[in-house]
Amino acid sequence: MSLTSDEKLLRLIKYLPMMIIGLFVTVIISVVLNENRHSLKDSISTLRSTFYHDQKELLQYRISNILQQIEFEKQSTESILKNNIQERVGDALSIAYSIYQQNPSLDEASLTKMITDALRDVRFNNGRGYFFIYKLDGTNVMHPILPHIQGTSLWDLTDVRGSYVIRDLSNLAQAQGQAFHRWWWSKPEKLEQEFDKIGYVALFKPLGWFIGTGEYVVDVEQDIQERLIERISDYKYGEGGYVYVLNGQGTLLSHPSSTMVNTERLNMRDNNGTFYVQEIIETAKSGGGYVEYQASYTPNGISQADKLSYVSYIPAWDWIIGTGIYTQRVEAFLNERQANLEQKNTNELSKIIGVGLTASILLAVISLFIGHLVGQRFVRFQKQINADFDELKATKDKLQYQALHDELTALPNRTYLLDFIDQAKTKSLFSGKSLAVMFVDIDDFKKVNDAFGHSIGDQLLAMVSERFQTLLDDHSIVARFGGDEFVFCFSEIDSVLEAEQKGLEICNAFSDVFQINNKVVNSTCSIGVSIFPQDASNAEDLIAKADTALYTSKALKKGHVLFYDESINKQVQYELALENELRGALEREELYMLYQPQIHLNSERLVSVEALIRWNSPRLGQVSPVELIRKAEEIGLISKVGEFVIRRSCEQLIHNFPNHPEAITLSINVSPNQLLEGDFAETLTAIVDEYGIDHRRITIEITENVLINDIELVTPILKKVREQGFAIALDDFGTGFSSLSYLCNLPITEIKIDRSFVDKMLSNQQSDGLIKAIVAIGKSHSLKVGAEGIESPEQHQRLHQYQCNLGQGYLFSKPIQIEQLVEFHKQNSARIEYES
Ligand code: C2E
Ligand code: MG
Ligand code: MG
């Protein structure tokens with residue numbers, strides 16, 4: 001991820017939650033606001049409708065309440081009337097009785113006068129009520145309203161419906177003492193109408209009278225109506241609430257405005273031209289209900305006449321009763337309530353928004369804080385990751401460098417080299433120039449390591465690398481190939497001469513000694529060179545061929561430059577084949593032993609044989625023992641081969657020439673490495689003992705080289721060998737840098753003069769003199785002296801003359817099979833015997 005997108009992500013982590021919260025809160029608040037606005041609208045409309053509804057209900061309730069009262073009053077009219085007249089008649093009766101009792105002596109007439117005088121003028125019920133007195137036979141005793149009927153019998157008087165009024169009253173009084181009675185009478189002012197009248201009579205026994213009174217029901221009703229009108233007129237509720245009453249003709253019976261009472265309003269119109277009084281009457285008469293109109297009357301504080309009334313009708317009384325509310329008042333109230341509601345709503349909203357904003361600010365701060373923490377951690381992780389990446393990259397670079405460079409010298413390694421050669425090859429193909437691959441090996445580097453230690457060896461390699469690098473130009477590199485091996489690649493080479501020059505420069509890099517830790521190290525190198533394109537077409541092959549040339553160069557002579565050619569290749573191929581074949585030769589029993597007789601020159605007796613190995617390879621033919629031994633040493637097979645030689649020769653010797661004081665002895669060649677590897681002395685002793693051969697019959701032949709190179713190591717081994725009674729011969733004496741000190745200090749028992757001296761002794765004065773000297777030295781050190789390669793009787797003669805002890809050569813016998821040796825031995829013994 002790029003840096004900018006990381007920063008964007010970081011900003012996103014930090015601020016996104018806050019933005020989401022902000023957005024969320026905004027949405028919530030707007031939803032709440034919207035909801036609130038709607039709910040306020042709903043509340044207001046509910047308030048209005050509920051209020052209007054309630055008000056209407058209230059109006060209706062008030063009217064129905066008043067109607068109930070009226071109904072109640074109406075219902076109780078008869079009982080009021082009855083109670084009233086019963087009470088009155090009771091009063092009258094008490095008065096009559098008290099007069100009668102107070103005046104026991106008075107006669108009927110006097111009593112009648114006193115009682116009637118007392119009762120005549122008594123009026124009640126708004127002056128309508130009066131007492132009448134009749135005798136039980138129907139004769140009128142007193143009638144304050146109709147005094148002319150006094151003394152007349154009204155026994156037969158009937159009401160408008162034909163009932164006998166006085167007769168019935170009399171009968172009731174006589175029968176029950178006191179009783180109510182009803183009859184129908186027409187009033188003088190309304191003759192066409194019948195009026196229900198209720199009367200009450202009580203028997204006044206002392207004078208045989210019944211005293212009574214009567215009242216028109218309608219009059220009582222009239223009283224009640226008046227009383228109710230009065231009450232209704234006084235009835236006020238709320239702010240100027242009142243009840244009005246109209247009669248069916250539109251006359252106002254009750255109204256707070258006294259001037260309007262008893263005025264006829266039927267044709268009243270409001271501002272809209274509506275006959276609203278008529279509408280009120282119609283609505284009331286058709287079951288009652290609500291009427292909206294503009295009233296002509298407005299109470300104090302009301303300026304608008306819009307009014308809503310509930311009206312109802314009382315058919316019995318022809319009354320329209322109504323009450324109403326002024327819209328202005330309701331509206332004022334509603335507006336106030338609405339304002340309250342709005343205020344309450346605003347307060348709630350403020351609270352919600354306040355809480356919401358506080359919560360959101362809190363959340364935003366928390367989210368900002370968390371975002372900040374997360375961001376910080378992110379940055380920390382990112383830094384850590386970057387650091388890890390850097391480390392990883394550094395490690396990768398290091399690994400890449402290591403993959404392509406040598407650790408010790410920091411030179412490019414094999415992989416790098418291969419790549420370089422491939423690229424250089426392509427370039428040289430274009431430029432038409434050559435490419436030289438030079439395989440360099442430090443001569444005897446192992447010895448430097450052994451002598452000075454590996455640390456010095458490593459430092460030598462580093463210093464060599466530094467010197468090598470000074471030889472490079474832009475078109476060349478040097479790589480460390482492993483161990484003490486380096487490979488140069490020079491591209492853009494014009495000629496073989498130039499390549500040779502480069503090779504010499506590399507060799508010259510060793511001309512100055514190396515000063516390492518106060519030690520002086522002398523070294524040289526050997527170089528094998530291959531050239532592109534003639535020697536090989538690819539890097540691997542070029543290196544392999546340079547290596548082949550190096551190998552051969554080293555084998556020939558160290559410290560030189562050798563260019564690869566086909567003969568070298570063949571040699572190397574042969575060496576490879578030799579190695580391969582030798583590895584299986586022992587198992588395949590391709591190796592066998594020949595024996596070359598050694599003759600005592602004085603007696604010409606066969607005294608000893610030298611065991612010589614032979615290898616008949618099916619693939620390579622007869623392989624020289626020198627090659628075989630060299631290769632065996634090279635590939636680490638020398639101990640095995642050496643053991644085979646000792647074992648086989650011991651076996652064949654003891655088998656054909658058992659131990660005997662005169663028995664022939666056996667010389668076994670031992671190569672330097674064989675002598676140094678493992679426990680040579682012990683192995684030799686073990687095998688010789690295994691075959692039970694007298695130790696004195698065995699001589700080991702060693703070359704001078706082994707003494708020169710490894711004298712310290714070799715000396716104790718030779719001593720052990722010698723201690724075991726084995727003899728030790730110094731083979732090929734004179735070819736190496738023989739030192740007389742060996743002869744003195746080492747347990748040598750014999751020296752064998754090299755064939756080359758014997759070969760030239762007859763023709764070369766120097767060789768002849770040398771042989772003489774060697775024999776003399778041998779004698780002086782009490783050593784046996786043998787000579788190899790005696791081919792002619794002259795040589796034999798001369799050596800004998802020089803008192804050389806033993807002779808070996810084709811003159812006597814070539815190396816031969818054991819069977820032939822046995823034969824040779826027989827003939828020799830026979831000849832010696834014959835001659836003696
Ligand atoms: P060497 O030990 O000096 O053996 C003597 C060599 O001289 C033998 O060669 C022998 O055949 C040869 N020779 C003897 N008389 C004459 C002669 O009159 N004229 C000529 N031209 N040559 C004569 P060979 O068998 O080829 O062995 C060569 C070398 O190989 C030996 O030299 C010895 O160093 C080595 N060798 C042979 N067999 C063994 C072995 O079993 N072990 C070891 N370590 N080395 C062996
Ligand atoms: Mg030998
Ligand atoms: Mg020899």
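For ligands, and for the atoms within them, numbers begin at 1 and follow the listed sequence.
One distance of note links CG of Asp443 with OG of Ser523; it measures 6.5 Å at 0.5 Å rounding. Atom CD of Glu627 sits about 5.0 Å away from atom OH of Tyr574, to the nearest 0.5 Å.
The atom of Asp731 nearest to the Mg ion (ligand 2) is OD2, with the search restricted to N, O or S atoms. Glu701 contributes atom OE1 as its closest N/O/S atom to the Mg ion (ligand 2).
Centroid-to-centroid, the aromatic rings of Tyr810 and Phe812 stay 6.0 Å apart or farther.
Of the heavy atoms in Gln596, only side-chain atoms (C-beta onward) come closer than 4.0 Å to ligand 1. Looking at Asp754 against ligand 1, nothing comes within 4.0 Å, counting heavy atoms. When heavy-atom distances to ligand 1 are checked against a 4.0 Å cut-off, Leu612 comes that close through both its backbone and its side chain.
Vertex the Mg ion (ligand 2), arms ending at OD1 of Asn669 and OE2 of Glu610: the angle is 90° after rounding to 10 degrees.
For the pair Ile613 and ligand 1, the shortest N or O to N or O distance falls below 3.5 Å. On a distance-only criterion, Arg614 and ligand 1 share at least one N/O pair closer than 3.5 Å.
In summary, the atoms of ligand 1 found under 4.0 Å from a heavy atom of Asp731, numbered by their order in the structure, are 1 (P), 2 (O), 3 (O). Within the listing of ligand 1, atoms 41 (O) sit less than 4.0 angstrom from a heavy atom of Val645. Annotation for ligand 1: atoms under 4.0 Å from non-hydrogen atoms of Pro815 are 11 (O). Residue contact check: Glu788 has heavy atoms under 4.0 Å from atoms 1 (P), 2 (O), 3 (O), 4 (O), 5 (C) of ligand 1.
Salt-bridge annotation for Glu633 and Arg630: absent, with no side-chain N of the basic residue lying under 4.0 Å from a carboxylate O of the acidic one. Note on Lys570 versus Glu575: no salt bridge recorded, every NZ/NE/NH1/NH2 to OD/OE distance being 4.0 Å or above.
With Tyr691 as the aromatic partner, Arg647 does not meet the cation-pi criteria of under 6.0 angstrom to the ring centre and within 45 degrees of the ring axis.
Of all the listed residues (Arg755, Gln808, Glu701, Glu610), Arg755 holds the heavy atom that lies closest to atom 7 (O) of ligand 1.
Counting heavy atoms from C-beta on, the side chains of Asn659 and Arg697 come closer than 4.5 Å.
Taking a 4.0 Å cut-off on heavy atoms, Ser624 fails to register as neighbouring ligand 1.
No side-chain donor-acceptor contact under 3.5 Å links Lys760 and Gln766. In this structure, a donor-acceptor pair under 3.5 Å is present between the side chains of Glu677 and Ser639.
Taking 2.8 Å as the criterion, Asp732 does not count as a coordinating residue of the Mg ion (ligand 2), since none of its N, O or S atoms falls below it.
The side chain to side chain contact (heavy atoms under 4.5 Å, CB included) test with Glu750 singles out one residue from Val785, Asn805, Leu806, and that residue is Leu806.
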